[in-house]
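Sequence lines set the chain letters: A, B, ... in the order given, protein chains first and strands last, and positions in each chain run from 1. The basis for the numbers below is simple: all heavy atoms, side chains too, and nothing from hydrogens, waters or symmetry mates.
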There are 2 protein chains.
Amino acid sequence: MANIQQVAKQAGVSVATVSRVLNGQNKVASRTKQKVENAIKELNYEPSMLGRNLRNSESRIMLILIPAISNPFYFEIIKGIENMALSQNYSILLCETDSRPEKEDIYFDLVRKKMADGIISMDPAVNIETLKELAEKYAIIQCSEYGGGIGIPYVTIDSEEASYRAVKHLIQIGHRKIALMNSDEKFSYARERKAGYERALAEYGLPVIDDYILYTQQLGFEYGQQAMKKILALPDRPTAVFAVSDLLAIGALKELNAAGIHVPNDMAVVGFDKIDFSNMTNPTLTTIAQPMYKMGAIAARMLIDLLRGEQVDSVVLEHELIIRESTSG
Amino acid sequence: MANIQQVAKQAGVSVATVSRVLNGQNKVASRTKQKVENAIKELNYEPSMLGRNLRNSESRIMLILIPAISNPFYFEIIKGIENMALSQNYSILLCETDSRPEKEDIYFDLVRKKMADGIISMDPAVNIETLKELAEKYAIIQCSEYGGGIGIPYVTIDSEEASYRAVKHLIQIGHRKIALMNSDEKFSYARERKAGYERALAEYGLPVIDDYILYTQQLGFEYGQQAMKKILALPDRPTAVFAVSDLLAIGALKELNAAGIHVPNDMAVVGFDKIDFSNMTNPTLTTIAQPMYKMGAIAARMLIDLLRGEQVDSVVLEHELIIRESTSG
DNA sequence: AAAAGAAATGAAATCGATTACATTTTCATA
DNA sequence: TATGAAAATGTAATCGATTTCATTTCTTTT
């Protein structure tokens, strides 16, 4: 547990010199450098980040806000963030908010108290007012979900277009009665995906039927199962379902299975996100793939740039429709 | 961005008094306290944890080491850890090691450099020598997986017994040819689960057949699929499979499905962990439930106790066999 | 009203680094 | 060899809190 003073003493130099050796920037005579390095070895010295961080007024920690760690959608994004962060000597503090403001606030406090330098928010349920306020003093990036028009840079995909393509695909393979399994429209992605759904229907002159639009409280299997139960109870049952999340779609598949309804012959299903599990279901799930790793990496890069005081612009990434068994028997 | 000095000045008191108000322990006259609190409000002051942490020589961050964030097994454990940590004013730094020593080392460095106070390791692939060495100077708890006999406290379940019960269940419903889908035996849980498997077989006078014991490199769906492919290619095909992880079991189910083999009639399957997905498969998966939330909470509690310099003892928690469709058609 | 004891407050050291500025050393050149 | 510029090194302030010990203020008691 040696500190820089002791190293300096041992090496017979000043702490400034030790610090210079540590950071390798200023020139130090190689003989001196050697002495210092020996002292470091002998004392088993590890520089304390507490001291360094205080002096530099930074924590080199970035906060990642996600609604639920159990949604696999975030895995690859997190990986992308983490790798970029590590490469720039940042660590990530992963915060599951459960979409609860109190919990959110605990973590926001870490930023206010300098324990974290900035935030990447992926929580659609984040309190946008608080976020806006924080953004005035701290670096914040929105990833995947974003509250538009509030001046916080974001990286995301074009949800409306993705949704449009998914529904168009269903129409093109012959479906006319297509249900939408959406989540709460307070989330921008939900509004956009609905817009894409409606645009596709409109393009083919199909009516938007209220009964075909379901809203789920959350994005879990159970909610997909429940929603599918309601769909099956409909008098004029649709022949296809587009769910705005793979988790919902998988819950729906489960319910269809239980009801003995064949997918895709009796009912086609499309999901969204291309989580790993979507390839393990029976049938495998047609879905929209987002460039998640890339999205994460870009978000981290943007945050770091922001922290450096650079100007950063929002980014919209490409997506892809992955056609699998649930729409093509 | 006010600091404690400015608050003191504004309130017309010394920094010591401000600090006392902040920490609420020492007695401060209520009039003074009021003045300080007003100053804090007026200046919008937030105490910096950088300063506090340096002075207190602690970071109030605990490191959580997991091999892969994509294994749902860890979700509830992490929740348990997080909640306990937050309640004690700790934050958690989640580290996915990918079972790569370099990455492990990046995170270990955070501990050496005082950026984290202690570690909860859940990585079976962790370098046990490094861990042992670190444990001499820092607080470390092993959770779920543990390297025995090295004096690092752990919390886990009795894997041998759990495995024994799972296999016994298969035997009791009539199976005689039972395959084991295990992971690498360098992991203690793998060795223990194999031991339980063998004990159950022995108890019923069944032979241990080498061909029936498969090893997978990792615990992902794909590995379960591959392993099941091998099993299906066996000349004398077993009638049941016990997989040491739900992910493997789900991959196996997928492969069985693809091969048109009925589960459980033609082949019964048992998993391990009771992850959420295990209830979404068709058929639903019989599995061993671990008290994951509790395990996490206890691990965090143990780590905090350790950091306080208290004596902590290892804990073994209960498990439960959950019988579902994959073993009872 | 004075003295003693308790309560409140303050001054200054401390945690462990970085860095601006000052000083010393080195070395080429005249 | 003296000189001056360049290179190396050192001194001390600083980041923002906590805390020990000293001092001041307030109560209580006689």
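Distance, Arg20(A) CZ to dC21(C) P: 14 Å, rounded to whole Å. Here the P atom of nucleotide dA5(D) and the NZ atom of Lys27(A) are 17 Å apart, to the nearest Å. We find that NZ of Lys113(B) is positioned 13 Å from C1' of dA17(C), with the value rounded to whole Å. The interatomic distance linking Asn23(A) (CG) with dT19(C) (C1') rounds to 10 Å, in whole Å. The interatomic distance linking Leu50(A) (CG) with dA17(D) (C1') rounds to 12 Å, in whole Å. For the pair Glu46(B) CD and dG16(D) C1', the interatomic distance rounds to 14 Å; values are reported in whole Å.
Salt bridge annotation for Glu318(B)-Lys294(B): absent, with no cationic side-chain nitrogen under 4.0 angstrom from a carboxylate oxygen. Lys137(A) and Glu46(B) are not joined by a salt bridge, as no carboxylate oxygen comes within less than 4.0 angstrom of a charged side-chain nitrogen.
Look at Ser19(A) and you'll find a side-chain N or O under 4.0 angstrom from OP1 or OP2 of dT18(C). Residue Arg52(B) places no side-chain N or O under 4.0 Å from the OP1 or OP2 atom of dG16(D). Between Asn53(A) and the phosphate of dC15(D), there is no side-chain N or O to OP1/OP2 separation shorter than 4.0 Å.
A donor-acceptor distance shorter than 3.5 angstrom exists from the side chain of Asp184(B) to the backbone of Lys186(B), with no hydrogens or angles considered. At distances below 3.5 Å, not a single donor-acceptor pair connects side-chain atoms of Asn53(A) with backbone N or O atoms of Asn56(A). At distances below 3.5 Å, at least one donor-acceptor pair connects side-chain atoms of Asn3(A) with backbone N or O atoms of Gln6(A). Looking at Asp123(B), its side chain does come within 3.5 Å of a backbone N or O of Ala125(B) through a donor-acceptor pair. Between the side chain of Lys103(A) and the backbone N or O of Glu96(A), at least one donor-acceptor pair lies under 3.5 Å.
Shown here are the side-chain hydrogen bond (donor to acceptor under 3.5 Å, both in side chains) partners of Ser57(B), two or more places apart in sequence or in another chain: there are none. Partners of Asp105(B) under the salt bridge (charged side-chain N to carboxylate O under 4.0 Å, His left out) rule, at least two apart in sequence or in another chain, are Arg112(B).
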Side-chain polar contacts of residues 32-43 of chain A - donor-acceptor pairs under 3.5 angstrom, sequence neighbours left out - could you list them?
unit_1	atom_1	unit_2	atom_2	d
Asn38(A)	ND2	Gln34(A)	O	3.4
Glu42(A)	OE1	Gln10(A)	NE2	2.3

**Item:** Stepwise side chain to side chain donor-acceptor pair (under 3.5 Å) check, Asp117(A) with Tyr138(A)
**Value:** CA-CA 7 Å; Asp117(A) 293 339; Tyr138(A) 309 100; over 6 Å; no
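The stretch residues 3-16 of chain A comes close to DNA chain C through Asn3(A), Ile4(A), Ala16(A), each having a heavy atom under 4.0 Å from the strand. For the contact set between residues 54-61 of chain A and DNA chain C, defined by any heavy atom under 4.0 Å, the members are Leu54(A), Arg55(A), Asn56(A). In the region residues 29-43 of chain A, proximity to DNA chain D at under 4.0 angstrom, judged on heavy atoms, holds for Ala29(A), Thr32(A).
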